> 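A single structure is presented below for examination.
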Amino acid sequence: MIIKKAQAGSLESSDCLVTVEPADAYSMSYSGQNEAIFKRRTERLALEIATRLSVCAHISIQDQGALDVTLRARIETALERAAGDEGVRA
Amino acid sequence: MKMIKNSLGRLVPDEIPGVGKFEPYVSPFAYLDRKLTSPAKSAYPIHPQPPRRDKVTSDIRQAIERSGLEDGMTISFHHHLRGGDAVIPLILRALSDMGFKGLTLAPSSLPDSHDFVADYMRSGLVTRLFSSGARGEVGRAISNGEIEIPVVLRSHGGRARAIEQGDISIDVAFLGAPACDKWGNMTGSAGRSACGSMGYAQLDARHARHVIAVTDNLMDYPLRPRISIPQYLVDQVLLADSIGDPAKIATGAVKISRNPVDLKTARNAFDLLDASGLMVNGCSFQVGAGGASLAVAAYVKDYMKENKIKGSFGLGGMSGYMVEMLEEGYFEAMLDVQSFDKSVTDSMTRNPNHIEIDASCYANPFNKGCVAHNLDMVILAALDIDTDFNVNVQTGHDGVLRGAIGGHPDTAAGAKLAVIVAPSFRGGVPTIKERVMTVCTPGETVDAFVTERGICINPRREDLRRRARDAGLPVKDIRELKAEVEALTGVPDDPEVDESRVVAVVENRDGTLLDSVYKVV
């Protein structure tokens with residue numbers, strides 16, 4: 001359960017900044033230099049993680065050219081932080 | 001505008017209204033079958049002048065009026081003053097103030113800093129652009145479809161061909177001259193705005209109907225000891241307060257990259273040169289100044305030193321590192337069409353074997369033999385490359401024009417071994433594409449693509465692949481490497497473009513069209 005706003009990552013090159021906020025329905029936004037070519041990849045990836053962890057949140061990603069693994073780690077960590085003490089993992 | 005598919009499967013227009021008709025690209029040397037010749041003719045425009053005519057003026061309007069420039073005509077500039085150039089802004093502002101419109105702008109290239117050109121294209125002063133590239137605001141304006149007539153992008157050799165064949169007919173050339181005497185003898189090797197070689201400008205001076213030297217440094221007559229462009233090609237000498245910012249013209253020496261990815265890539269590229277068997281006495285070499293390219297030169301130098309090898313010539317855009325190799329005796333000569341940094345600028349005055357060559361001599365495929373066709377090895381950069389080895393140096397990941405073609409396709413076509421170096425991914429985006437957005441150098445002329453993760457050899461060069469394998473080099477199939485990198489980065493989509501709206505075309509060196517650039521959405 002997402003109970004508060006939380007962030008993970010940074011705006012350093014090759015990283016991304018993920019911000020998670022409580023929301024009634026899942027939504028995500030993606031911005032950065034690679035928006036034109038990686039929008040679909042990132043939407044797929046974020047949705048997959050949110051579904052796996054059964055969370056409902058607004059996920060905002062500012063991408064500075066992060067690799068797949070970086071994006072995953074940042075999204076999962078942001079969700080983890082936003083979930084409070086109980087965590088998001090089953 | 002009818003679109004035709006060329007031999008690379010790319011759609012190109014058969015005609016650009018307001019520019020002319022075009023043929024689709026066939027193959028790198030298809031033009032040889034056409035057995036082109038032209039009758040001998042005077043190479044220079046005829047324009048007899050009385051003795052002792054005064055060529056010097058400091059009145060820019062008067063100089064322009066005397067040139068006979070009219071709306072719709074073609075003007076040219078060189079880009080030897082790099083980011084410090086003040087000639088293009090000076091002249092375009094004057095032309096705009098005088099109310100000119102519908103001009104064709106045909107510079108050898110546009111410096112990075114010249115965003116203001118976009119405004120003159122929007123205002124209607126310039127309605128056609130022929131260039132080696134378009135970056136910054138100019139690139140964005142073109143890619144956004146703000147400019148009606150598609151831009152024609154050419155390599156340096158292709159531009160030389162186009163000028164000599166008459167596809168580009170220059171009415172007035174405004175040539176920035178770091179040192180110039182009262183009758184128009186010029187050189188780039190002296191003066192506070194010194195830029196080194198004036199190789200691109202030499203061609204414009206020979207073929208423009210009217211030539212105006214623009215200088216901030218009027219020298220005692222006769223200019224000495226070097227003359228890049230002689231007085232008999234020059235109509236007027238225009239005195240300006242400044243032709244450029246010396247700090248931005250004479251940038252510091254280009255340093256060799258310390259980025260480990262670049263260095264690993266350079267090492268791999270050097271190992272491939274070694275395995276090719278081409279690094280022997282009398283070899284020739286061209287290398288760019290950026291990223292991994294210059295680092296390859298450092299490995300080559302060490303190898304030549306250890307093995308007591310002396311090369312014949314270094315070619316191209318010259319960096320300080322190449323001059324160092326000349327001065328330390330690793331090459332007999334440097335053939336210089338364009339100087340990249342400060343350390344090169346006065347080298348031609350100092351070193352008799354540092355030789356200024358013009359753009360046609362450098363890379364024009366239609367003359368009687370250009371130096372690019374004598375080249376053994378060339379190391380070239382890329383924005384991206386596809387599985388057919390086609391290289392893009394022009395459009396970014398977002399589809400927007402942001403680069404310049406330079407001598408890329410000329411040297412790739414001419415060299416015995418053309419090696420493309422680039423990191424396997426940049427900013428999270430893989431360098432190998434299924435299909436590059438814009439073909440600037442056809443894959444048929446590329447022998448290998450080298451990254452920090454391995455060496456991909458064009459299947460057309462089975463001999464090279466065998467040599468590389470025998471030498472134990474990390475040879476990978478380009479599709480395998482693509483998959484390896486995509487496992488890290490994910491698979492990017494192509495940026496969305498409007499294929500009904502061509503905003504630019506990329507011309508091959510021989511005048512045929514390689515590809516179209518479309519409006520971004």
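Remember, predicted model here, so these are calculated numbers, not experimental data. Note on naming: letters A, B, ... go to the chains in the order of the sequence lines (proteins, then strands), and numbering restarts at 1 for each one.
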> Does atom NZ of B:Lys248 have more than 12 heavy-atom neighbours, drawn from other residues, nucleotides or ligands, at distances under 6.0 Å?
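Atom NZ in B:Lys248 is not packed in, count stays at 12 or less.
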> Going by side-chain contact (heavy atoms from CB on, under 4.5 Å), name the residues that satisfy it together with B:Lys264, two or more places apart in sequence or in a different chain.
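Partners of B:Lys264 under the side-chain contact (heavy atoms from CB on, under 4.5 Å) test: B:Asn268, B:Glu452.
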> Between B:Val521 and chain A, with a heavy-atom cut-off of 4.5 Å, which part of the residue counts as in contact: side chain, backbone, both or neither?
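It is neither, since no heavy atom gets under 4.5 Å.
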> Above 12 or not: heavy atoms from other molecules or residues under 6.0 Å from CD of B:Glu146?
yes
> Return yes when atom CD of B:Glu148 has more than 12 non-hydrogen atoms of other residues, nucleotides or ligands closer than 6.0 Å, and no otherwise.
no
> For chain B, which residues from residues 29-38 of chain A have at least one heavy atom closer than 4.5 Å to it?
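When heavy atoms of chain B are the reference, residues 29-38 of chain A contributes A:Gln33, A:Asn34, A:Ala36, A:Ile37, A:Phe38 within the under-4.5 Å range.
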> Considering residues at least two apart in sequence or located in another chain, which fulfil the salt bridge (Lys or Arg N to Asp or Glu O under 4.0 Å) criterion with B:Asp119?
B:Arg122
> Tabulate, in ascending numerical order, the residues of residues 1-11 of chain A having at least one heavy atom closer than 4.5 Å to a heavy atom of chain B, or enter 'none'.
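When heavy atoms of chain B are the reference, residues 1-11 of chain A contributes no residue within the under-4.5 Å range.
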> Please check if the side chain of A:Arg41 supplies one atom and the backbone of B:Asp493 the other of a donor-acceptor pair under 3.5 Å.
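Checked: no pair found.
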> Does atom CZ (B:Arg10) have a neighbourhood of more than 12 heavy atoms from anything else shown, all under 6.0 Å?
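Yes, the 6.0 Å shell around CZ holds more than 12 heavy atoms from other groups.
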